[in-house]
Participant: 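Right, I'll just put the structure down here and ask away after.
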Amino acid sequence: MVNDKAVWLDESVSPRPDYQLYLAPAFVRLRPDFIDIKAQSVEVQFNQGLCNFRLAVPAHVNAADFLAVVIWCEAFSQFITAAALSS
């Protein structure tokens, strides 16, 4: 879930090294598709656990401008999962 101040998940994501969460301009399902839009995406600091987390949206970012969230493993350049955002 996303609002103008935070991104949160009331579930869990399987733990792996170096996961990052991005607000993305489009919903994607595959690694090559995310690589194509990664530069237009905004990284949200992912410094907490992977279960029931809440992350602050950067102050300069309008979360309503993004259509999806993506979890990406930076260490291995791997797409983990994505979710479309509804308005």
Participant: What are the two closest non-hydrogen atoms of Leu67 and Pro25, and how far apart are they?
Facilitator: CD1-O, 3.2 Å
Participant: Which heavy atom in Ala26 sits nearest to a heavy atom in Ala68, and how many Å separate them?
Facilitator: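 Closest heavy-atom pair between Ala26 and Ala68: O-CB, 3.6 Å.
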Participant: Tell me, yes or no, whether the heavy-atom count around Arg31 atom CZ, taken from other residues, nucleotides or ligands under 6.0 Å, exceeds 12.
Facilitator: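 Counting other residues, nucleotides and ligands, CZ of Arg31 exceeds 12 neighbours.
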Participant: Among Val69, Val2, Leu21, find the one that has a side chain to side chain contact (heavy atoms under 4.5 Å, CB included) with Leu55.
Facilitator: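 Single pass found, and it is Leu21.
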Participant: Indicate yes or no: at least one non-hydrogen side-chain atom of Asp4 is less than 4.5 angstrom from one of Val57.
Facilitator: no
Participant: With sequence neighbours left out, what residues match Phe34 under ring-ring contact (aromatic ring centres under 6.0 Å, His included)?
Facilitator: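 Applying ring-ring contact (aromatic ring centres under 6.0 Å, His included) to Phe34 gives Tyr22, Trp72.
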Participant: Applying a strict under-4.5 Å side-chain criterion to I, L, V, M, F, W and Y, I'd like to know whether Phe27 and Ile80 cluster together.
Facilitator: no
Participant: Nearest 0.5 Å please: distance from the CG atom of Asp65 over to the CG atom of Leu23.
Facilitator: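 Reported value, rounded in 0.5 Å steps: 10.0 Å.
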Participant: Please answer: with hydrophobic residues joined when any side-chain heavy atoms are less than 4.5 Å apart, are Val61 and Ile71 in the same cluster?
Facilitator: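 Yes; tracing contacts between hydrophobic side chains, which count when under 4.5 Å, links both residues.
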Participant: Can Val7 be reached from Ile37 by stepping across I, L, V, M, F, W or Y side chains whose heavy atoms are under 4.5 Å apart?
Facilitator: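 Ile37 and Val7: separate clusters.
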Participant: Considering non-hydrogen atoms only, spot the tightest contact between Asp18 and Ala75 and give its length.
Facilitator: OD2-N, 3.0 Å
Participant: Locate the shortest heavy-atom distance separating Val44 from Pro58; write the atom from each residue and the value.
Facilitator: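 Smallest heavy-atom distance, with atoms named: CG2-CD, 4.3 Å.
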Participant: Once side chain to side chain donor-acceptor pair (under 3.5 Å) is applied, do any residues pair with Gln40, and if so which ones, sequence neighbours excluded?
Facilitator: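 Partners of Gln40 under the side chain to side chain donor-acceptor pair (under 3.5 Å) test: none.
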Participant: Taking Leu9 as the starting point, is it possible to reach Phe79 by hopping between hydrophobic residues whose side chains are less than 4.5 Å apart?
Facilitator: no
Participant: At what distance, to the nearest 0.5 angstrom, does CZ of Arg29 lie from OG1 of Thr81?
Facilitator: 10.5 Å
Participant: Apply the test salt bridge (charged side-chain N to carboxylate O under 4.0 Å, His left out) to residues Lys38 and Glu74: give CA-CA distance (whole Å), side-chain angles for both, the deciding distance (0.1 Å), then the verdict.
Facilitator: CA-CA 11 Å; Lys38 188 176 179 193; Glu74 293 291 343; 3.1 Å; yes
